[in-house]
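A short write-up of the structure that comes next.
Bear in mind the structure is a predicted one, so any value in this text is a computation, not a measurement. Each chain gets a letter, A, B and so on, in the order its sequence line appears, and its residues count up from 1.
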Amino acid sequence: MSAPADSIEIQNVVASTGIGQELDLEALATDLPGADFNPDNFPGLVYRTQEPKAAALIFRSGKIVCTGAKSINDVHEALDIIFDKLRDLGIPIEDAPAVTVQNIVSSADLGHSLNLNALAIGLGLEDVEYEPEQFPGLVYRMDDPEVVILLFGSGKVVITGGKTVDDASAAVGLIVDRIDELGLLG
Amino acid sequence: RLRKWQERIRTKDAGERNLQFALSEIDRMASAIGVPRSVREVASVIYRRALNEDLIRGRSIEGVSTAVLYAACRKEGIPRSLEEIAEVSRVERKEIGRTYRYISQELGLEMRPVDPKKYVPRFSSQLELSEEVQAKAKEIIDTTAEQGLLSGKSPTGFAAAAIYAASLLCNEKKTQREVADVAQVTEVTIRNRYQEQIEAMGIPT
DNA sequence: GCTTTAAAAAGTAACGT
DNA sequence: ACGTTACTTTGGAAAGC
């Protein structure tokens with residue numbers, strides 16, 4: 001049996017951290033190979049790691065945003081690479097700056113196709129946004145866990161807005177039960 | 001506080017002053033797309049509600065006017081696509097869609113998805129297609145929608161494909177280009193929806 | 001509200017061949 | 001009529017306009 005919960009894959013993790021010290025991004029942009037810095041467009045310097053694949057936005061304040069990682073562990077690995085690069089440039093950084101996971105994007109497969117029209121009415125039009133003229137997915141905002149689920153006709157779903165891996169698992173379990181109760185799970 | 005009170009009066013007055021402009025814009029656009037007076041009345045009611053709920057701050061009057069007209073058309077069962085509405089507005093499609101979704105959520109309009117069948121009479125008459133073709137197109141829409149083919153698909157593209165298929169079946173053929181033009185979708189979309197619908201209807205190609 | 005980053009879902013659009 | 005690329009939606013942080 002392939003339970004929907006087992007099909008969950010983390011697709012992106014967004015996290016933030018800080019090295020508690022001001023940075024000279026202009027200097028960093030020239031000393032860090034591959035760094036993208038366009039202060040006219042955006043105040044952050046963009047640095048990408050290859051393994052694990054992720055992108056970091058480094059700000060003058062020393063705060064850093066890491067996105068694109070496929071797991072929380074990858075976030076730490078990517079940030080550790082960046083911390084080491086900064087240390088190599090002579091910037092002192094404490095051993096393990098606190099990292100806060102801000103958002104986790106996951107995908108999953110409910111295993112049955114969905115009638116989104118019936119689902120929009122079944123879940124309650126007031127809690128749902130389904131505008132196929134604008135986007136093919138049905139947007140469902142769940143209160144607990146507080147996440148947003150995008151449901152597609154194929155039965156594939158995207159869960160976002162959660163801060164823990166368990167949020168996605170719980171959300172998938174709850175939405176499957178909800179849809180099943182409505183008799184809309186093929 | 002006195003300041004807050006004055007601010008309320010100020011914004012309320014500004015809103016009331018702008019209400020006149022909004023209603024005339026709704027009227028102008030409603031005439032341009034040719035919808036009955038009832039739609040303009042529904043639109044003005046929604047606009048007033050949005051005004052009372054202070055949903056207009058940070059948005060253009062033109063944008064909100066266009067979005068509520070779009071909503072009113074749907075509520076009255078005579079939907080216009082976002083591109084059709086955008087043609088008579090100075091606001092771009094994307095902004096109209098965003099504003100519509102915001103107003104719809106905040107006012108709890110509980111809009112139901114557009115039924116593609118609602119587009120059949122208007123598109124068909126623009127193509128000068130018979131009642132027979134229209135009935136066939138509606139039948140194709142109902143049958144294939146029941147089989148789940150409608151989920152996630154744009155109502156205009158779905159209707160366009162059914163009209164194209166029905167025109168072929170009734171020997172009143174219109175080209176994909178002709179149907180695509182009135183429905184404001186691409187031939188690729190018609191082709192894709194048409195293939196799925198024909199297969200679901202069990203019609204040999 | 002905007003700007004930038006990343007990633008998934010599925011539909012639609014706009015290119016080029 | 002293909003194929004490719006790119007845009008739509010969701011969420012979150014960062015600094016600054």
Side-chain angles (χ1 to χ4, degrees), chain A residues 7-18 22-23 25 36-49 52-71 74-75 78 99-110 113-114 116 129-142 146-163 167-168, chain B residues 57-60 81-83 93-95 97-98 101-102 150-158 160 176 180 183-193 195-196:
Chain A
S7 73
I8 298 177
E9 285 180 51
I10 295 179
Q11 301 292 352
N12 184 22
V13 177
V14 181
S16 59
T17 185
E22 295 259 326
L23 291 170
L25 297 185
D36 286 343
F37 184 44
N38 297 62
D40 292 341
N41 284 37
F42 188 69
L45 178 153
V46 181
Y47 185 75
R48 290 159 227 273
T49 57
K53 192 183 175 207
L57 305 179
I58 304 174
F59 298 88
R60 192 185 48 194
S61 64
K63 294 201 174 172
I64 300 172
V65 170
C66 178
T67 184
K70 292 278 186 196
S71 70
D74 282 357
V75 167
V99 174
T100 306
V101 174
Q102 302 288 356
N103 182 27
I104 295 178
V105 182
S106 304
S107 60
D109 189 347
L110 304 191
S113 58
L114 302 170
L116 300 184
E129 214 176 88
Y130 175 48
E131 292 293 336
E133 188 182 346
Q134 300 183 57
F135 186 69
L138 182 158
V139 182
Y140 180 67
R141 284 161 222 278
M142 189 172 273
E146 196 175 326
V147 298
V148 172
I149 307 177
L150 307 182
L151 299 119
F152 297 85
S154 64
K156 301 272 189 67
V157 302
V158 170
I159 305 93
T160 186
K163 287 185 160 41
D167 283 344
Chain B
R57 268 191 205 175
R59 260 162 263 272
S60 72
S81 67
L82 286 171
E83 20 281 304
R93 194 203 114 122
K94 183 176 167 181
E95 180 60 21
R98 285 190 176 201
R101 279 184 279 129
Y102 175 72
L150 181 56
S151 285
K153 269 66 166 234
S154 116
T156 47
F158 207 80
Q176 293 180 357
Q184 299 262 254
V185 296
T186 64
E187 292 168 271
V188 177
T189 295
I190 291 189
R191 225 171 278 139
N192 292 337
R193 296 306 133 246
Q195 289 297 343
E196 294 175 355

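- The side chain to side chain donor-acceptor pair (under 3.5 Å) analysis of residues 37-49 of chain A, with sequence neighbours excluded, yields the pairs A/D36-A/R48.
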Taking only N/O atoms, report every protein-nucleotides 2-4 of chain C pair under 3.5 Å with atom names and distance.
from: C/dC2; atom 1: OP1; to: B/R98; atom 2: NH1; distance (Å): 2.7

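- The side-chain contact (heavy atoms from CB on, under 4.5 Å) test applied to A/S113 returns no partner, not counting sequence neighbours.
- Within the nucleic acid shown, A/S61 comes within 4.0 Å of sugar-phosphate atoms alone, with no base atom in reach, counting heavy atoms only.
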Where protein sits on nucleotides 12-17 of chain C, one letter per nucleotide: B base, S sugar-phosphate only, - none, heavy atoms under 4.0 Å: SSS---
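- Heavy-atom distances under 4.0 Å link DNA chain C to A/L150, A/F152, A/S154 of residues 147-155 of chain A, given in residue order.
- Residue A/K53 has its side chain nearest to C/dA7 when only C/dA7, D/dT9, D/dA13 are considered.
- Inter-residue side-chain proximity for A/L110 and A/L151 is flagged as met; some heavy-atom pair is nearer than 4.5 Å.
- At D/dT8, one or more side-chain N or O atoms of B/K94 fall inside 4.0 Å of OP1 or OP2 (strictly under the cut-off).
- Two residues, A/Q11 and A/D36, neighbour DNA chain C, and the one matched to the more 5' nucleotide by heavy-atom proximity is A/D36.
- The same atom, P, is picked in D/dC7 and in C/dT4; the two are 11 Å apart, to the nearest Å.
- Set against C/dA6, C/dA10, D/dT10, the side chain of A/P136 has C/dA10 as its closest nucleotide.
- Straight-line distance from the CZ atom of A/F37 to the C1' atom of D/dA15: 11 Å, rounded to whole Å.
- The side chain of B/R101 places no N or O atom within less than 4.0 Å of a non-bridging phosphate oxygen (OP1 or OP2) of D/dT8.
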Canonical and wobble pairing (Watson-Crick, G-U, under 3.5 Å) of DNA chain D, dot-bracket with |: ||||||||.|..|||||
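- Distances shorter than 4.0 Å separate some side-chain N or O of A/R48 from OP1 or OP2 on C/dA6.
- The nucleotide whose nearest atom lies closest to any side-chain atom of A/V105 is, among C/dA6, D/dT8, C/dA7, C/dA7.
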